[in-house]
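Small disclaimer: the values here were computed from a predicted structure and weren't measured.
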Amino acid sequence: MLRRHLGKVMAGTAMAVTGTAVAVAVTLPGAAGADDAPGDRTAARAPAGASAGSGGAPDAAGAGGAAGTAPPPPATVLPAAAEGPRGTGTDPLTDAELARAEALALTPPGAAALQDAAGDRGRPQRLGTELADPEPGREDVRRAQVRYYDYARDELVVRTVDLTAGRVESTSARRGVQPSAHPEEVRAALALLLAAPLGQGVKEDYAHATGGTLTDPGRLRATGDVYRPYREKNVPEALARCGEHRCLRLVTKIPGGPWIDTRNLVVDLSARTVVRVG
């Protein structure tokens, strides 16, 4: 079988994925020139006119700066100050404020009808919580915006919460808006991919590379983002509703091993299906 999934190891290049950026390491040239001796990149060159009679030993001034001057003491790293329950001004939300904002935004009974990326009812798929801009004349009021996706209705919901008063100020819901994927959504998409018939090739590539059996999605590292049909030339009919549906394209890698190319597979989290593209 032609294994066209394996071996996507990239160094110094970028792999472009629709809506996804993968960072790679780039080695920058150091001060050493092409005539440096192999394996001795740290060797210092003697300045012109310097005497070699000392056998290369540093002088007293070079070892510690000015002659007779002791080296500075090591720096001291102070522990971070303890975080209070409430921030001030434009400080980022504290852990306590994050928890309070999400609890206020998901007050029952409405939360019972919500659904996350894994298909679980009773909770939406969280996307993020951040400090809301202060209102003129109410700069001392701490407010937060809680963003989540409800897979039961395919809606992006944003709720603004007044943390000082402990109430929801406003709620907006929009369809067809697809922000970047949350790591929980990436994990849910990978689980669906491996459970689908089209995921069999990924399992075979994993076995070929490691000699083991891929029984747990946690054995792969996955990143990914939203599949946007308007950027594609040929969109399968099964993915025509992506944009209205929440669809992800993944990039997977064996930890410490090669990439497994899954870019030709798209997971529709709303319909809970896996479709081949290209």
Side-chain angles (χ1 to χ4, degrees), residues 19-20 83 85-87 92-132 142-196 199 215-228 239 241-250 252 265-275:
T20 306
E83 183 181 73
R86 184 177 185 273
L93 295 171
T94 66
D95 291 343
E97 287 177 317
L98 287 169
R100 178 171 168 77
E102 293 178 2
L104 289 170
L106 299 178
T107 52
L114 303 175
Q115 181 177 320
D116 67 3
D120 295 331
R121 291 277 184 171
R123 65 180 294 265
Q125 177 57 58
R126 60 181 181 135
L127 297 178
T129 302
E130 58 192 17
L131 184 70
R142 296 277 286 178
R143 301 160 65 240
Q145 279 192 338
V146 182
R147 297 181 301 116
Y148 58 85
Y149 196 86
D150 180 13
Y151 279 89
R153 298 176 58 86
D154 271 312
E155 290 181 341
L156 172 66
V157 181
V158 180
R159 287 187 173 174
T160 303
V161 176
D162 183 335
L163 293 170
T164 304
R167 62 184 178 87
V168 177
E169 285 188 346
S170 62
T171 301
S172 65
R174 298 175 62 187
R175 293 185 177 181
V177 180
Q178 300 295 342
S180 296
H182 190 275
E184 290 179 357
E185 294 178 297
V186 173
R187 289 192 290 270
L190 180 59
L192 281 174
L193 188 155
L194 295 179
T215 57
D216 180 4
R219 294 185 178 182
L220 287 180
R221 290 178 183 169
T223 58
D225 212 340
V226 174
Y227 172 80
R228 306 184 190 276
L239 298 177
R241 296 187 68 184
C242 289
E244 175 188 349
H245 283 187
R246 192 103 164 116
C247 302
L248 301 188
R249 173 183 264 162
L250 303 179
T252 57
L265 301 174
V266 174
V267 181
D268 185 336
L269 283 170
S270 300
R272 304 189 66 76
T273 57
V274 180
V275 180

| request: Please lay out, stage by stage, how Leu106 and Leu114 fare under the test side-chain contact (heavy atoms from CB on, under 4.5 Å). | output: CA-CA 10 Å; Leu106 299 178; Leu114 303 175; 4.2 Å; yes

| query | Step by step, would you call Leu248 with Glu185 a side-chain contact (heavy atoms from CB on, under 4.5 Å)? | reply | CA-CA 8 Å; Leu248 301 188; Glu185 294 178 297; 4.1 Å; yes

| query | Can Arg142 and Leu93 be said to form a side-chain contact (heavy atoms from CB on, under 4.5 Å), step by step? | reply | CA-CA 9 Å; Arg142 296 277 286 178; Leu93 295 171; 4.1 Å; yes

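In Arg153, the CZ atom is not crowded: 12 or fewer heavy atoms of neighbouring residues, nucleotides or ligands sit closer than 6.0 Å. When the shell of 6.0 Å around CZ of Arg221 is examined, it contains 12 or fewer heavy atoms from other residues, nucleotides or ligands.
Listed by first and then second residue, the ring pair (Phe, Tyr, Trp, His ring centres under 6.0 Å) pairs involving residues 153-193 amount to none (not counting sequence neighbours). Identified under the salt bridge (charged side-chain N to carboxylate O under 4.0 Å, His left out) test for residues 171-181, with sequence neighbours left out: Glu155-Arg175.
When every heavy atom of Ala181 is checked against every heavy atom of Asp225, the shortest pair comes out as N-OD1, 3.1 Å. For Gly166 against Leu104, the heavy-atom pair with the smallest separation is O-CD2, 3.6 Å. Across all non-hydrogen atoms, the minimal contact from Arg246 to Pro179 is NH1-O, 2.8 Å. Taking every heavy atom of both residues into account, Thr129 and Ala144 meet most closely at CG2-CB, 4.3 Å. For the pair Ala132 and Gln145, the tightest heavy-atom approach, listed with the atom from each and the gap, is CB-CG, 3.9 Å. Minimum heavy-atom separation, Tyr227 to Leu239: CE2-CD1, 3.9 Å.
Side chain of Gln125 to main chain of Ala117: a donor-acceptor pair is present (N/O by atom type, distance under 3.5 Å, no hydrogens or angles). Between the side chain of Arg121 and the main chain of Ala152, no donor-acceptor pair closer than 3.5 Å is present.
When each of Leu220, Thr223, Leu265, Leu193 is checked for a side chain to side chain contact (heavy atoms under 4.5 Å, CB included) with Leu250, only Leu193 meets the rule.
Once rounded to the nearest 0.5 Å, the distance linking CD of Glu244 with CD of Gln178 reads 9.5 Å. Taken from CG in Asp162 to CZ in Arg167, the straight-line distance is 5.0 Å, to the nearest 0.5 Å.
Taking the side chain as every heavy atom from C-beta outward, Gln115 and Asp150 approach each other to under 4.5 Å. Between Leu127 and Leu156, some side-chain heavy-atom pair lies under the 4.5 Å cut-off. Counting heavy atoms from C-beta on, the side chains of Leu190 and Thr252 come closer than 4.5 Å. At least one side-chain heavy atom of Tyr148 sits under 4.5 Å from a side-chain heavy atom of Arg159. A heavy-atom distance below 4.5 Å is found between the side chains of Thr160 and Arg143.
Judged by distance alone, the side chains of Asp154 and Tyr149 do bring a donor and an acceptor atom under 3.5 Å apart.
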